[in-house]
2 protein chains.
Amino acid sequence: MHFTTTEENYIKAIYHLQQETGNVSTNELAAELSTKPASITDMLKKLTVKKLLRYERYKGVRLSSEGEKLALAIVRKHRLWEYFLVNTLEFGWDEVHEVAEELEHISSKKLVEQLDLFLGYPKFDPHGDPIPDSQGRMVMQQQINLIDLAPDIPAEVCSVGSQSTELLEILKHKQLGIGTKLQVKRKFSFDHSIEIKMKNLPAITISQQLAQSLFVKTISND
Amino acid sequence: MHFTTTEENYIKAIYHLQQETGNVSTNELAAELSTKPASITDMLKKLTVKKLLRYERYKGVRLSSEGEKLALAIVRKHRLWEYFLVNTLEFGWDEVHEVAEELEHISSKKLVEQLDLFLGYPKFDPHGDPIPDSQGRMVMQQQINLIDLAPDIPAEVCSVGSQSTELLEILKHKQLGIGTKLQVKRKFSFDHSIEIKMKNLPAITISQQLAQSLFVKTISND
DNA sequence: ACTTATTTTTAGACAAATCTAAATTTAAAT
DNA sequence: ATTTAAATTTAGATTTGTCTAAAAATAAGT
Ligand SMILES: [Mn+2]
Ligand SMILES: [Mn+2]
Ligand SMILES: [Mn+2]
Ligand SMILES: [Mn+2]
């Protein structure tokens, strides 16, 4: 079965929104897709016929298992292409989203599998989001906000809360990125800034705003 | 200025047809694009407004210089992606055309340039067709049909007349491909088969049909 | 030159995806 | 429980790209 780019964008948007909210409302979707509620209703009816979702009027929508499978395939392509753009073609992570929005709709199954193989089956995209494998499975690491990390616990940066150029710039300057290992040394209650320590580097202080846009997972130090 | 996938497909089709025929007719285009003449007329009017071509009713169409520039950009993307698929992702040359038909419409300018850089600025695609550079220039080698190559002239296979799986299969078996260096040793007028010799290999005979689907350029033997 | 055949264009219709404006349904407030 | 507000759906129109059937222009045949 083949789906249009528009249909795929709807499915992906519903997938992302239902992670947070359970049932997804028409207005939420309209906002996410920068379109009008009336258009959403029309499309939901069409996608219901195609059995990609379960929709009851006035009651919101959820993906069917068919729909979820499709959503994961699209997310997989999006994140694999982002990884390719950053790691093979040397894009900055703030430049890849728009391009991946187009590339995720290329339909060739072989292309995705060969790309995955070429890239070495990466598990996370450049923003730290997990890449579903060909079966739709992905590593779900529970990650906590850096601002909430307790002192002296070894941890590793695993994702970022924003994909802005500004964030990328400051992270580059401070030599922080996905995979960076660190520990919190001090927390200052005055401005909620924190002092962190990375291996082979002097301790540095980072602002509350910066700490809040980094997510880490704890690691055993062996 | 942004163009739809459909518009780009029309422009590319006109580009390819006008190489052969000069002015392109409505029916030719309809055949090439598997659509109806009436649809062609409609689209030609639209593309005229967008100044991509010069069209007079009942008199056929040619690309404007704007249109030609666009066509070359699309051909460039098509052939670069084909090169990528074969050389980086290990596709067979008979598997890449459909995928490249989709990939050629990805709009990111940076993507094309970085891809070109990553691939090492290849000059020819896997079928031996020249890849336009970022300025739209391409190497135009005059190539002759292998069936017309005079005996004992060193030559190199530079393109193929078909992209079928069947051709690929026989070429693989006979260890022939783009870049293979050879000389014609004998021509048999009975069935127009020819005997060719490649370096470090015993001479082999190939059929008229096979020779006709290979194009070569002569090379100096130093 | 006149008739016939072919090519091309117009006219009118249709499906996909969207919009605006109006009508319904549900939720919130008094 | 009414009234008011917000969310959602319908109705009708629009744009893009396509189609069929009919009309017009060009080309070919005698
Ligand atoms: Mn993205
Ligand atoms: Mn991402
Ligand atoms: Mn091709
Ligand atoms: Mn090619």
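A note on names: the letters A, B, ... follow the listed sequences, proteins ahead of strands, and every chain is numbered from 1.
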*Asks:* Taking only the side-chain heavy atoms of Tyr58(B) (C-beta and beyond), determine which of dA25(D), dT24(C), dT18(C) contains the nearest atom.
*Replies:* dA25(D)

*Asks:* Separation of Glu7(A) atom CD from dA15(C) atom C1', in whole Å?
*Replies:* 12 Å

*Asks:* Rounded to whole angstrom units, what separation is found between the CG atom of Asn27(B) and the C1' atom of dT7(C)?
*Replies:* 6 Å

*Asks:* Find the distance Met43(A):CE to dT10(D):C1' and express it as a whole number of Å.
*Replies:* 17 Å

*Asks:* Mind calculating the distance between CG (Asp42(A)) and P (dG12(D)) to the nearest angstrom?
*Replies:* 14 Å

*Asks:* Output the rounded distance in Å from CD (Glu56(A)) to C1' (dT24(C)).
*Replies:* 17 Å

*Asks:* For residues 87-94 of chain A, which side-chain donor-acceptor pairs fall under 3.5 Å, sequence neighbours excluded?
*Replies:*
| from | atom 1 | to | atom 2 | distance (Å) |
| --- | --- | --- | --- | --- |
| Asn87(A) | ND2 | Tyr83(A) | O | 2.9 |
| Asp94(A) | OD2 | Thr165(A) | OG1 | 2.7 |

*Asks:* Contact class for Thr26(A) (heavy atom, under 4.0 Å): base, sugar-phosphate, or nothing?
*Replies:* sugar-phosphate

*Asks:* With respect to the side chain of Thr41(B), which nucleotide from dT9(D), dT18(C), dT10(C) is positioned closest?
*Replies:* dT10(C)

*Asks:* Just compare dC19(C), dT18(D), dT9(C) and give me whichever is closest to any side-chain atom of Ala38(A).
*Replies:* dC19(C)

*Asks:* Which is true for Lys59(A) with a 4.0 Å heavy-atom rule: it touches a base, it touches only sugar-phosphate, or it touches nothing?
*Replies:* nothing

*Asks:* Rounded off to whole Å, could you give me the CZ-to-P distance for the Arg57(A) and dT24(C) pair?
*Replies:* 13 Å

*Asks:* Checking contacts here: which listed nucleotide (dT18(D), dT10(D), dT9(C)) is nearest the side-chain heavy atoms of Lys45(A)?
*Replies:* dT10(D)

*Asks:* Please report, rounded to the nearest Å, how far the C1' atom of dA13(D) is from the NZ atom of Lys36(A).
*Replies:* 15 Å

